[in-house]
Amino acid sequence: MLTGQSTNQLELKINKAKFSSVAPAYWEIGLSISSPSFSGYSIEKKHNFKTSFNAWSACDNSASAFSPAVQSALRELVIHPNFPKLAGQ
């Protein structure tokens, strides 16, 4: 458990943020995480979403899908078996 006294810092890098609004529409998010106590690891997560033949709607769907795509990638990062090693555990 981390407390207010913790000096351990996590470094998060965005390696990829790619999307397509053409069917099959998707966001691809790539992240790397490391800390002073562990060299870290990387993940890539593809998040599919609905698109449209209408350009306005396709762009709107892409923007709306970004937040859930990032949340999904962060979830993959945190549930990774090596995540506790970042805290020196």
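Position 1 is the first residue of the sequence; numbering continues from there. Side chains included, hydrogens not; waters and symmetry mates left out as well; all remaining heavy atoms used.
- Between Tyr26 and Phe19 there is no side-chain heavy-atom pair separated by less than 4.5 Å.
- By the 4.5 Å heavy-atom criterion applied to side chains, Lys13 and Asn15 are counted as neighbours.
- Taking both residues in full, the closest heavy atoms of Ala69 and Ile29 are given as O-CG1, 4.1 Å, listed atom of the first, atom of the second, then distance.
- For Asn54 (side chain) and Ser57 (main-chain N/O), a donor-acceptor pair under 3.5 Å exists by modelled atom type.
- Counting all heavy atoms, side chain and backbone alike, His47 lies closest to Ser72 at ND1-CB, 4.5 Å.
- Counting only heavy atoms from C-beta outward, the side chains of Lys45 and Glu28 never approach each other to under 4.5 Å.
- Tyr41 places no side-chain N or O within donor-acceptor distance of the main-chain N or O of His80, the cut-off being under 3.5 Å.
- Taking all atoms of both residues into account, the shortest heavy-atom contact from Asn61 to Lys50 is ND2-O, 3.2 Å.
- The line from CD of Glu44 to NZ of Lys18 is 9.5 Å long, rounded to the nearest 0.5 Å.
- Closest approach of Ser21 to Ser62, counting heavy atoms only: CB-OG, 3.3 Å.
- Atom NZ of Lys85 sits about 11.5 Å away from atom OG of Ser35, to the nearest 0.5 Å.
- With a 4.5 Å cut-off on side-chain heavy atoms, Ile14 and Leu31 count as touching.
- In terms of heavy atoms, Leu86 sits closest to Leu10 at CB-CD2, 3.7 Å.
- Closest approach of Phe83 to Ile33, counting heavy atoms only: CE1-CD1, 4.2 Å.
- For Ser32 (side chain) and Ser42 (main-chain N/O), no donor-acceptor pair under 3.5 Å exists by modelled atom type.
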